[in-house]
Amino acid sequence: MQLHFKLIVAAALLLIMESISSCGGSAPLNTTQNSPNTPPSIVVQPADQTVPIGSTATYSVIATGGPQLQYQWSVNGGTIPGATGPSYTTSIVEAQAYTIYVGSYSVSVSNATGSVQSRTATLSAGPRSPKAGDLRYLSWQQIDTAGIYMDGGLATDLPGPSEFGFPNSLGTPLTIGGGNCSAAGGCGWGMSTYILPPQSPNLSIYYIGLTYQQFQSTINATISTNVVINSLDLESPYNEAAFSWITSTQFGGFDYRLEVVNSSQIQSTIAQDGQESRIVTAVSFDGNGNANLISYGWQGDTSTVYDAQASIVASGDIAGEAAALAGEGYFISAFGG
């Protein structure tokens with residue numbers, strides 16, 4: 001399977017990528033009742049469905065009549081070869097350019113005494129859903145119980161470092177750029193954290209601000225198979241840097257990679273990462289104008305291939321671009337500038 005993501009670069013750099021879901025369609029229903037020498041009648045019509053990209057949908061019909069009811073499913077008015085049962089499971093839903101509409105499905109039910117056509121049921125592509133356990137994705141999507149919300153901030157005064165840890169919590173990446181540093185020394189970053197309920201999968205988030213010279217050695221001391229760095233901001237003109245990371249005592253098997261490339265190599269680098277089933281989770285430009293890309297592979301999913309594309313937007317257009325892509329089912333896996 002080949003999936004797609006998009007990278008947006010500007011005063012901030014967004015990496016938008018598709019993910020896949022292990023969710024499937026509903027179980028087929030087969031409660032056909034046969035009545036001798038009566039024409040078929042549809043009791044339960046197929047329903048409209050929206051499923052995540054990367055999943056399948058199952059359409060079902062319940063009909064009465066007899067004997068020997070026969071079924072033939074169609075999509076967009078054309079018959080589907082071999083789809084001759086009371087239920088039909090679609091192929092994997094893929095992204096459609098500029099639309100979430102995928103197709104329309106219906107079924108004809110017939111016997112020796114007549115036939116009846118079902119209603120037309122639509123299929124739409126919903127947001128992509130990350131695989132459970134893959135911390136490379138936005139990890140709050142793994143939690144379905146609301147926690148306690150609180151805002152916070154991280155500030156540094158040379159020489160640093162300044163660190164905050166939030167056990168049994170998740171949080172946003174650090175704010176990136178936007179004039180958060182002072183020529184007099186020191187930078188500030190905002191974030192929001194959420195205290196998780198007791199039944200959550202033992203996730204914690206940490207934030208650290210430090211000098212520009214310290215960030216590489218500190219990252220090297222932080223990385224582990226159960227750690228994913230989810231934001232990075234290099235403020236070399238101010239000799240400052242910051243990053244955040246998520247840890248888990250339940251999930252693991254992640255391998256870290258830092259790739260420092262010039263702007264012309266961003267596209268080819270993330271494309272190669274995608275071919276290796278890697279996802280970029282943090283990015284920032286350094287004082288030399290190079291992009292620092294942090295990517296992860298996960299032993300729990302080594303077969304998914306991602307197709308990446310880079311584009312540039314102005315700072316004021318980032319929110320609109322992200323909203324438009326989200327409407328197409330994308331999610332943001334990394335951002336920077």
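Only this structure's heavy atoms are used, side chains among them; waters, hydrogens and symmetry mates stay out.
Of all heavy-atom pairs between Gly289 and Ser263, the closest is O-OG, 3.7 Å. Heavy atoms only, all atoms of each residue included: Ile205 and Leu170 are closest at CG2-C, 3.9 Å. Annotation for Ile195 and Ser169: closest pair CA-OG, 3.6 Å, computed over non-hydrogen atoms. For Gly85 against Trp73, the heavy-atom pair with the smallest separation is O-NE1, 2.7 Å. Nearest heavy atoms, Ser236 versus Gly287: OG-CA, 2.8 Å. Taking all atoms of both residues into account, the shortest heavy-atom contact from Ala63 to Tyr71 is CB-OH, 4.3 Å.
Arg136 places a side-chain heavy atom less than 4.5 Å from the side chain of Trp298. You'll find the side chain of Tyr105 stays beyond 4.5 Å of the side chain of Thr120, heavy atoms only. Side-chain atoms of Val61 and Val44, non-hydrogen and from C-beta on, never get closer than 4.5 Å to each other. Counting only heavy atoms from C-beta outward, the side chains of Ile208 and Thr218 approach each other to under 4.5 Å. The side-chain heavy atoms of Val261 and Leu293, taken from C-beta on, include a pair separated by under 4.5 Å. Put simply, the side chain of Ile246 does not reach to within 4.5 Å of the side chain of Tyr206, judged on heavy atoms. Under the 4.5 Å side-chain criterion, counting only non-hydrogen atoms from C-beta, Asp286 is in contact with Tyr212. Taking the side chain as every heavy atom from C-beta outward, Val283 and Leu232 never approach each other to under 4.5 Å.
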>> Asp233 vs Leu174, test: side-chain contact (heavy atoms from CB on, under 4.5 Å). Steps then yes/no.
In response: CA-CA 8 Å; Asp233 188 25; Leu174 292 166; 5.7 Å; no
> Could you go step by step and tell me if Thr225 and Asp255 meet the side-chain contact (heavy atoms from CB on, under 4.5 Å) rule?
Replying inline: CA-CA 6 Å; Thr225 59; Asp255 66 282; over 6 Å; no
> Taking it one step at a time, do Thr89 and Thr58 satisfy side chain to side chain donor-acceptor pair (under 3.5 Å)?
Replying inline: CA-CA 4 Å; Thr89 298; Thr58 297; 2.9 Å; yes
> Which is it for Val116 and Ser118 under the side-chain contact (heavy atoms from CB on, under 4.5 Å) test, yes or no, and what are the steps along the way?
Replying inline: CA-CA 7 Å; Val116 63; Ser118 77; over 6 Å; no
>> Using the rule given for ring pair (Phe, Tyr, Trp, His ring centres under 6.0 Å), can you reason through Tyr207 versus Phe164, listing the C-alpha separation, both sets of side-chain angles and the distance that settles it, and then say yes or no?
In response: CA-CA 5 Å; Tyr207 302 89; Phe164 291 94; 8.1 Å; no
>> Show, in sequence, the C-alpha distance, side-chain angles and deciding distance for Asn292 and Leu258, and conclude whether the side-chain contact (heavy atoms from CB on, under 4.5 Å) test is met.
In response: CA-CA 7 Å; Asn292 289 246; Leu258 172 64; 4.0 Å; yes
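Aromatic rings from Tyr88 and Tyr59 are positioned such that their centres are separated by 6.0 Å or more.
Here Asp48 pairs with Arg119 in a salt bridge; the nearest charged N to carboxylate O distance falls below 4.0 Å. Ion pairing between a basic and an acidic side chain is recognised when a charged N comes within 4.0 Å of a carboxylate O; Arg257 and Glu276 show such pairing.
One finds the OG atom of Ser41 at 12.0 Å from the CD1 atom of Ile62 (value rounded to the nearest 0.5 Å). In this structure, Phe166 CZ and Ser204 OG are separated by 11.0 Å, a value rounded to the nearest 0.5 Å. Separation of atoms CD (Gln49) and OG1 (Thr90) is listed at 8.0 Å; rounding is to 0.5 Å. The distance from atom CG of Asn226 to atom CD of Gln250, rounded to the nearest 0.5 Å, is 11.5 Å. The distance from the CD atom of Gln272 to the OG atom of Ser295 is 10.5 Å, given to the nearest 0.5 Å. Note: Ile279 CD1 to Tyr296 OH = 12.0 Å, rounded to the nearest 0.5 Å.
No donor-acceptor distance shorter than 3.5 angstrom exists from the side chain of Thr50 to the backbone of Ala125, with no hydrogens or angles considered. Judged by distance alone, with hydrogens and angles left aside, the side-chain atoms of Ser55 form no donor-acceptor pair with the main-chain N or O of Val51 at under 3.5 Å. Counting only distance, with no hydrogens or angles, the side chain of Ser277 and the backbone of Thr304 share a donor-acceptor pair below 3.5 Å. In this structure, the side chain of Thr113 engages the main chain of Thr38 through a donor-acceptor pair within 3.5 Å. No donor-acceptor distance shorter than 3.5 angstrom exists from the side chain of Gln117 to the backbone of Val109, with no hydrogens or angles considered. A side-chain donor-acceptor contact under 3.5 Å links Ser333 to the backbone of Val280.
A donor-acceptor contact closer than 3.5 angstrom is absent between the side chains of Asn290 and Asn262. Counted by atom type alone, Gln214 and Thr211 present one or more donor-acceptor pairs between their side chains at under 3.5 Å. In this model, no donor atom of one side chain and acceptor atom of the other lie less than 3.5 Å apart for Trp245 and Asn230. Side-chain contact, Asn220 with Ser217: no donor N or O sits under 3.5 Å from an acceptor N or O. A side-chain N or O of Ser244 and one of Ser231 form a donor-acceptor pair less than 3.5 Å apart. Inspection of the Gln70 and Asn111 side chains reveals no N or O donor paired with an N or O acceptor under 3.5 Å.
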